[in-house]
Number of protein chains: 2
Amino acid sequence: MDVFLKTIGAVNDYTRVEILHYINQSGEVCVCDIENSFSMIQSRISRHLKILKDAGFLKVDRRGRWAFYSVIEPIDEFRASILKEINSLEINISLQKKGCNLE
Amino acid sequence: MDVFLKTIGAVNDYTRVEILHYINQSGEVCVCDIENSFSMIQSRISRHLKILKDAGFLKVDRRGRWAFYSVIEPIDEFRASILKEINSLEINISLQKKGCNLE
DNA sequence: ACAATATATCAAGATATGTTGATATATTGT
DNA sequence: ACAATATATCAACATATCTTGATATATTGT
């Protein structure tokens with residue numbers, strides 16, 4: 001039950017659904033990518049990414065000073081059904097300006 | 001997005017997951033059934049049933065002075081996947097005492 | 001019409017969750 | 001070692017959600 005509620009709780013937030021949708025479309029992204037794509041301060045994004053990671057949706061890969069987040073694969077059937085539903089939502093993210101200083 | 005969050009929000013609560021699980025196992029139940037099965041005051045149960053109904057999981061059928069709640073059928077794929085997951089949870093409801101005064 | 005039963009709704013307080021701004025940690029380049 | 005960049009964490013406040021107890025509505029039987 002705890003795992004279920006943690007999973008559900010993670011996607012019970014507008015911001016996190018947007019972030020999941022974005023990562024699903026984009027593949028692997030770093031925090032600054034999201035920070036630039038959404039107009040949100042970094043601490044806010046970092047918090048939401050942690051919640052999505054702890055809930056079993058995302059994994060992190062740290063390379064250099066960057067942390068790259070992506071959807072865990074393969075993913076279990078239940079989370080997959082949630083991701084599928086999120087992907088079907090019409091979400092227009094005002095994909096903004098520049099990326100981060102990745103070289 | 002609003003519909004998605006309403007659906008998710010409805011199952012983001014321990015009590016409502018228990019109630020959904022119970023109705024799934026029992027079929028059609030009236031409010032007093034739940035009231036007796038769980039040890040909760042009636043206003044609390046009534047509120048949760050309304051949330052589950054508004055989120056598209058339950059339907060009500062009023063007969064006489066009773067309101068019978070049951071899972072909507074057929075149900076869409078996404079909600080079905082949530083119900084499936086809830087049914088797979090180990091939930092022990094201390095199915096208590098008497099039923100209500102149904103004759 | 002009245003009393004009893006079943007359910008719904010509301011206000012107030014308790015608890016949980018989200019946002020922000022400040023600060024901590026970690027990595028890279030000079 | 002130091003400065004710059006990227007990310008994580010924390011405290012304080014704001015907002016949303018849950019619980020309870022009181023009250024409202026609706027149906028049935030006398």
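In the text below, chain A, chain B and the rest are named by the order of the sequence lines, each starting its count at 1. Bear in mind the structure is a predicted one, so any value in this text is a computation, not a measurement.
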Considering only heavy side-chain atoms of A:C30, the closest of D:dT7, C:dT7, D:dT9 is D:dT7

Taken to the nearest whole Å, CE/B:M40 to C1'/D:dT20 is 13 Å

A:R47 CZ to C:dA24 P, in whole Å, measures 21 Å

Ranking C:dT20, C:dT7, D:dT9 by distance to the side chain of A:R44, first place goes to C:dT20

Taking C:dG29, C:dT19, D:dT7 as options, the one with an atom nearest any side-chain atom of A:R65 is C:dG29

- prompt: Looking for any heavy atom pair under 4.0 Å, which part of the strands does B:Y69 touch: base, sugar-phosphate only, or nothing?
  reply: sugar-phosphate

The answer to which of B:N12 and B:K53 contacts DNA chain C further toward the 5' end, by nearest nucleotide, is B:K53

Interatomic distance, CG@A:D61 vs SG@A:C30, rounded to 0.5 Å, equals 12.0 Å

Side-chain atoms of B:D13 come closest, of D:dG21, D:dC18, C:dT7, to D:dC18

Dot-bracket for DNA chain D, 5' to 3', Watson-Crick and G-U pairs with both distances under 3.5 Å, [ ] for crossing pairs, | for partner on another strand, reads ||||||||||||||||||||||||||||||

Out of D:dT7, D:dG21, C:dT20, minimum distance to the side chain of B:I41 belongs to D:dG21

With sugar-phosphate meaning primed atoms plus P, OP1 and OP2, does A:R16 contact a base, only sugar-phosphate, or nothing at under 4.0 Å between heavy atoms? sugar-phosphate

### Query
Taking the six-membered ring of A:F68, is NZ or CZ of A:R62 closer than 6.0 Å to its centre and within 45° of its axis?
no

Here the distance between atom P of D:dA8 and atom CD of A:E35, to the nearest Å, is 11 Å

**Request:** Taking only the side-chain nitrogens and oxygens of B:R62, find out if one of them lies under 4.0 Å from OP1 or OP2 of C:dA8.
**Result:** yes

A:I82 and B:F78 have their tightest heavy-atom pair at CA-CE1, 3.9 Å

When every non-hydrogen atom of A:A67 is compared with those of A:V60, the smallest separation belongs to CB-CG1, 3.8 Å

Please tell me if A:T15 has a side-chain N or O lying less than 4.0 Å from either OP1 or OP2 of C:dT19. yes

Winner on side-chain proximity to A:V31, out of D:dA8, D:dT19, C:dA8, is D:dA8

* **Ion pair check, A:E77 and A:K84, cut-off under 4.0 Å** => no

Interatomic distance, CD1@A:I23 vs CD1@A:I34, rounded to 0.5 Å, equals 4.0 Å

Rounded to whole Å, the CD1-P distance (B:I45 to D:dG21) equals 14 Å

Rounded to whole Å, NZ of B:K50 lies from C1' of D:dC18 at a distance of 16 Å

Query raised in the report: Below 3.5 Å, does any donor atom in the side chain of A:Q42 face an acceptor in the base of D:dA8, or the other way round?
Result: yes

From OH of A:Y14 across to C1' of D:dT17 the rounded distance in Å is 20 Å

From CD1 of B:I34 across to C1' of C:dT7 the rounded distance in Å is 12 Å

Check your understanding: Between A:D2 and A:K6, is there a side-chain N and carboxylate O pair less than 4.0 Å apart?
Key -> no

From CH2 of A:W66 across to C1' of C:dT27 the rounded distance in Å is 9 Å

Is B:H48 close enough to D:dT17 that one of its side-chain N or O atoms is under 4.0 Å from OP1 or OP2 there?
no

Ranking C:dC10, D:dT7, C:dA22 by distance to the side chain of A:S43, first place goes to C:dA22

d(A:T15 OG1, A:F38 CZ) to nearest 0.5 Å is 8.5 Å

